[in-house]
Amino acid sequence: MAGQLTLSIVMPEREIVHETVDEIELPGAEGYFGVLPGHTPLLATLKIGELWYRKGQEKFYVAIANGFAEVLPDRVTVLAELAERAADIDMTRAQAAKARAEERSRTPSADLDHERARAALDKANTRVRVARHAQTHR
Amino acid sequence: MPSLIDIRRRVRAVRATQQITKAMKMVAASRLRRAQERVVNARPYAQRMAHVLNGLAARVEPGRHPLLGGLDAIGDAPTLLVVVSADKGLCGSFNSNVTKAASSFVREQQGRAVAFALVGRKGRDYFRRRRVDIRYECAQIFGRLKLDHARQIARVVIEQFVEARAGRVCLAYNEFKTVMQQRVVVEQLLPIPRGAGTEAGNAPPGDYLYEPSADEILARLLPQYVEVQIFRALLESEAAEHAARMTAMDAASRNAADMIDDLTLYMNKVRQAAITREIIEVVSGART
């Protein structure tokens, strides 16, 4: 397959990735899906999860929470509430956040918002997973 | 004629004020740099989002989602005006510009009631004194502005709109154009104007596949769009505030410098006059 994709990942505060890549995998709301150049136009919502993109032989991981992806044959735009590149994640902080989230969802209390607690735990887990990828790849 | 000591005291007072205005100018300048960076960084998201939304909105009928609703369906519910002002003064005409724009907006409504949502202490105080219909207020959010603040405002605004307690929502804020220039903008937030934000005819070719359905995506995208618009307005306003304060304080420092020069000149003249008078006294005393 000839051609490449322009991937840009933006969050409300800033644009975090703007690169030309060969392949992308996204955490769609209905399951992970891969995108290669020449993909049919697609608009998808994303859930909390990890996204990766491949440039040549190298894979890069990004943690994503709640967003949208607009896929065009030569371009992919990801709008995410939260996005963090693996290289930017601080492993110790990610793990601390995970421990906190686990703690919170385990101790039941009256004012616990289950939905939010679960989402927080999900995010924390994803960050740790993504950060681990960064460590094995570097 | 004022005595030398009086003038000297005034010079000292003006100099002290000048030191304060200079310091405020520096602080505003450094904050401005940070705020400006945030505005610039936040623009791509807002633009991309507007772009995606446009592509989507062009393909669905306005009736598909309440936030897109046609203008004719407003009824006689009041217009909700979100006014973004600063928490602090000493920034030139920044706050009065935005409140003035809000007041003239009210006049333009020709009898339709206007309710307010106030962001920033200055605007809140101003409209509180005027006993208007205030639906929401928040202050002291600048300086540590987060998306959550915008989200909170968006939630209130959307709620008001969906429950038909507001027929239209507009946003008034200071836009950051350049450091020397701020401009008050009043723009419609809800219902979301067709072709919002981007150039028309920019819709991507062909139809999309949707995952999940177009309706579901729209239902998630639209509230986020509102959030992002508000967030951008807040960031713009913050940058504009610091820019306005910097310019105002710069002018104040310069005025203080002029005043010090004038006073010093005057003081020297007074001293000269005093010396001359004393000499004359001594000379005329020696003659007799």
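Bear in mind that the values here come from a model prediction, so they are computed numbers and not experimental data.
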Pairs of donor and acceptor atoms involving the side chains of residues 227-237 of chain B, under 3.5 Å and at least two apart or interchain, shall be tabulated with distances.
unit_1, atom_1, unit_2, atom_2, d
B/Glu227, OE1, B/Arg151, NE, 3.4
B/Arg232, NH2, B/Tyr173, OH, 3.3
B/Arg232, NH2, B/Glu187, OE2, 3.4
B/Glu236, OE1, B/Phe176, N, 3.0
B/Glu236, OE2, B/Arg43, NH2, 3.3

- Answer yes when B/Arg155 and B/Glu159 have at least one side-chain N-carboxylate O distance shorter than 4.0 Å, and no when they do not. no
- Note on the structure: Those residues at least two apart in sequence (or on a different chain) that pass ring pair (Phe, Tyr, Trp, His ring centres under 6.0 Å) with B/Phe127 are B/Phe116
Is the shortest heavy-atom distance from the side chain of [X] to the side chain of [Y] under 4.5 Å?
| X | Y | value |
| --- | --- | --- |
| B/Phe161 | B/Leu80 | no |
| B/Gln224 | B/Tyr45 | yes |
| B/Met246 | B/Val179 | yes |
| A/Phe68 | B/Leu53 | no |

- Within residues 5-14 of chain A, which positions have a heavy-atom distance to chain B below 4.5 Å?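 Counting heavy atoms that sit under 4.5 Å from chain B, the residues of residues 5-14 of chain A involved are A/Ser8, A/Val10, A/Met11, A/Pro12, A/Glu13, A/Arg14.
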- Message: Checking an interface table here. Which of residues 42-55 of chain A come within a heavy-atom distance under 4.5 Å of chain B?
- Response: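 Contacts with chain B: A/Leu42, A/Leu43, A/Ala44, A/Thr45, A/Leu46.
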- Task: Below 4.5 Å from any heavy atom of chain B, which atoms of A/Ala69 appear? Answer side chain, backbone, both or neither.
- Result: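 It is neither, since no heavy atom gets under 4.5 Å.
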- Considering all heavy atoms, the nearest B/Ala101-B/Val184 contact: CB-CG1, 3.4 Å
- Task: Look only at the side chain of A/Gln4 and the backbone of A/Pro37, and say whether a donor-acceptor pair between them is shorter than 3.5 Å.
- Result: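 Such a contact is absent between A/Gln4 side chain and A/Pro37 backbone.
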- Between B/Leu171 and B/Val157, does a side-chain contact (heavy atoms from CB on, under 4.5 Å) hold up when you go through it step by step? CA-CA 11 Å; B/Leu171 192 59; B/Val157 163; over 6 Å; no
